[in-house]
Amino acid sequence: MPELPEVEGVRHYLDRLLTGRTVTAVTVVRPKIIAHPAPEVFVIRLTGQTFAGVERRAKFLLLRLTDGGTLVLHLRMTGLPLVVPTDAPQKKHTQVILNLDNSTELRYLDQRQFGRFWLLEKNEHDDCTGLAKLGPEPLSRAFGPKKLAAALGGRKCPIKTCLLDQHTVAGIGNIYADEILFAARIKPDRPACALSPAELSRIAREIKQILAAAVAKDCLSISEYDVQHGVEQRDAEKLLVYGRAGEPCVRCGMPLVRTVIGQRSSYYCPHCQH
DNA sequence: ACTGCCACCTGCCGGC
DNA sequence: TGCCGGCAGGTGGCAG
């Protein structure tokens, strides 16, 4: 489901409802959701912990604990953490439950079961999560055209594939990759090594622009991340190309097309993206 | 090291 | 109505 902007919305939601709460009990419905440590150890170590705050790195949620440890969560495609009253009816696909000290519980739902939890100790440096290998955070000041050019190196694969590679830049997913390349007027299948410095600058600028706008919009509609419905809605009207094959391009009016790049659906305007 | 391809899962949708 | 293939916003691992 989520790319960086949606994960940021979830971060805000969890930070508001979890900070200061203590875990009174842990139920692991589906053990494979716990990537590290072993599920039994996970339960023992997490019980009694208090949340200090919730941060985000790329698409990872970092639930900081007051003892210096971190509960890491990646939602992958369909992960959905909800904080609900203890007596709320349990929904299908509930995978992990953390009871909290205020008669609420954090319920982790995940239809496709791709999401994962990791519980890291204060000074645990073993990177079982993959966090250490991530590329720069696209909205940080440290990221810009130079960083992008350096990360792309002379790679021959399509620029879209490179943007989806979390080692290049961290947090872009399939939808925003298409939106970014449309805004930068670059065809998604262009080999990264064939892009000019000016084109790379446009891409770097649009990465920041598109993601920042999406984060801002998500914060405004955070109430949409609704406990009742359990779904956050991406405003599809804001997407200019994704999912719009056959519709007229908002810039030139020519029909948008769908193709497949790196086994992922890709949408672009063959007339004004080069 | 890079690249392509598959696997991991469930559910939904359109076509026959 | 029902079955079947294709598709889904992510990533890790494998082979070449």
Side-chain angles (χ1 to χ4, degrees), chain A residues 1-10 29-36 56-61 72-81 91-96 108-118 126-135 138 150-182 188-194 207 210-211 214-215 217-218 221 224-225 230-246 258-268:
Chain A
M1 219 169 178
E3 301 187 25
L4 183 153
E6 291 75 32
V7 178
E8 180 60 23
V10 174
V29 179
R30 191 158 324 249
K32 73 169 181 186
I33 299 292
I34 312 304
H36 174 89
R56 178 190 59 74
R57 170 75 170 102
K59 300 171 195 169
F60 287 85
L61 289 158
V72 180
L73 171 59
H74 197 301
L75 307 175
R76 294 281 174 93
M77 297 286 268
T78 51
L80 188 70
K91 292 193 178 178
K92 204 175 173 184
H93 304 301
T94 301
Q95 313 290 2
V96 178
Y108 178 69
L109 280 61
D110 196 338
Q111 178 187 107
R112 294 173 74 180
Q113 307 167 30
F114 291 167
R116 290 295 181 269
F117 281 90
W118 298 259
D126 169 36
D127 185 34
C128 49
T129 59
L131 278 164
K133 298 191 214 78
L134 290 173
L152 292 176
R155 292 175 65 182
K156 283 180 281 188
C157 64
I159 181 61
K160 173 168 177 180
T161 303
C162 293
L163 292 184
L164 291 177
D165 178 355
Q166 303 296 298
H167 312 295
T168 309
V169 198
I172 300 173
N174 198 39
I175 290 181
Y176 288 117
D178 282 2
E179 298 297 319
I180 287 161
L181 291 171
F182 174 73
D189 62 353
R190 287 272 300 284
C193 58
I207 287 172
I210 302 269
L211 293 181
V215 167
K217 179 178 66 59
D218 259 37
S221 63
E224 298 297 325
Y225 191 86
V231 192
E232 109 266 26
Q233 312 268 50
R234 180 183 279 122
D235 186 0
E237 289 163 27
K238 278 286 182 183
L239 301 176
L240 299 184
V241 288
Y242 189 85
R244 296 185 179 276
R258 175 190 180 274
T259 184
V260 174
I261 298 170
Q263 295 85 241
R264 312 299 302 279
S265 280
S266 304
Y267 300 85
Y268 69 100

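Scope of the values below: all heavy atoms of this structure, side chains included, with no hydrogens, waters or symmetry mates. Letters A, B, ... mirror the listed sequences (proteins, then strands); counts begin at 1.
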Taking the [atom1] atom in each of [N] and [M], what is the distance between them to the nearest angstrom?
| N | M | atom1 | answer |
| --- | --- | --- | --- |
| B/dC5 | C/dC7 | P | 15 Å |
| B/dG11 | C/dT11 | P | 22 Å |
| B/dC6 | C/dG6 | P | 13 Å |

Task: Nearest non-hydrogen partners of A/K91 and A/L109, listed with the distance - done: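 Taking A/K91 first and A/L109 second, the nearest heavy atoms are CB-CD2, 3.9 Å.
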[N] [atom2] sits how many Å from [X] [atom1], rounded?
| X | N | atom1 | atom2 | answer |
| --- | --- | --- | --- | --- |
| A/F114 | B/dC9 | CZ | C1' | 4 Å |
| A/L164 | C/dG12 | CG | C1' | 15 Å |
| A/D110 | C/dT11 | CG | C1' | 13 Å |
| A/R258 | C/dC7 | CZ | C1' | 8 Å |
| A/Q263 | C/dG10 | CD | C1' | 13 Å |
| A/Y176 | C/dG10 | OH | P | 11 Å |
| A/K156 | B/dG4 | NZ | P | 10 Å |
| A/Y267 | C/dG9 | OH | P | 8 Å |

Open item on the list: Looking at A/D165 and A/R155, is there a salt bridge between them, counting it only when a charged N and a carboxylate O are closer than 4.0 Å?
Closed with: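 A salt bridge links A/R155 with A/D165.
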Task: Sugar-phosphate only, base, or nothing, as touched by A/Q113 at under 4.0 Å among non-hydrogen atoms - done: sugar-phosphate
Open item on the list: Once you apply a heavy-atom cut-off of 4.0 Å, does A/K92 come out as touching a base, just sugar-phosphate, or nothing?
Closed with: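 It contacts sugar-phosphate atoms only.
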In terms of side-chain heavy atoms of [X], which of [options] is nearest?
| X | options | value |
| --- | --- | --- |
| A/R264 | C/dG9, B/dT3, C/dA8 | C/dG9 |
| A/K32 | B/dG4, B/dC8, C/dC7 | B/dC8 |
| A/K59 | C/dG10, B/dT3, C/dG9 | C/dG10 |
| A/N174 | B/dG11, C/dG9, C/dT11 | C/dG9 |
| A/R76 | B/dG11, C/dT11, C/dA8 | C/dT11 |

- [ ] Output yes when at least one side-chain N/O atom of A/H93 is less than 4.0 Å from OP1 or OP2 of B/dT10, else no.
- [x] no
Open item on the list: I want to check one thing: is the phosphate of B/dC2, taken as OP1 and OP2, less than 4.0 Å away from some side-chain N or O of A/H167?
Closed with: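 So the side chain of A/H167 is outside the cut-off, no N or O lying under 4.0 Å from OP1 or OP2 of B/dC2.
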Task: Pairing nucleotide - B/dC9, Watson-Crick or G-U, each distance under 3.5 Å - done: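 WC or wobble partner does not exist here.
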- [ ] Specify whether A/F60 and A/W118 have parallel, tilted or perpendicular ring planes, treating 30° as the upper limit for parallel and 60° as the lower limit for perpendicular.
- [x]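 The rings of A/F60 and A/W118 sit tilted, inter-plane angle from 30° to 60°.
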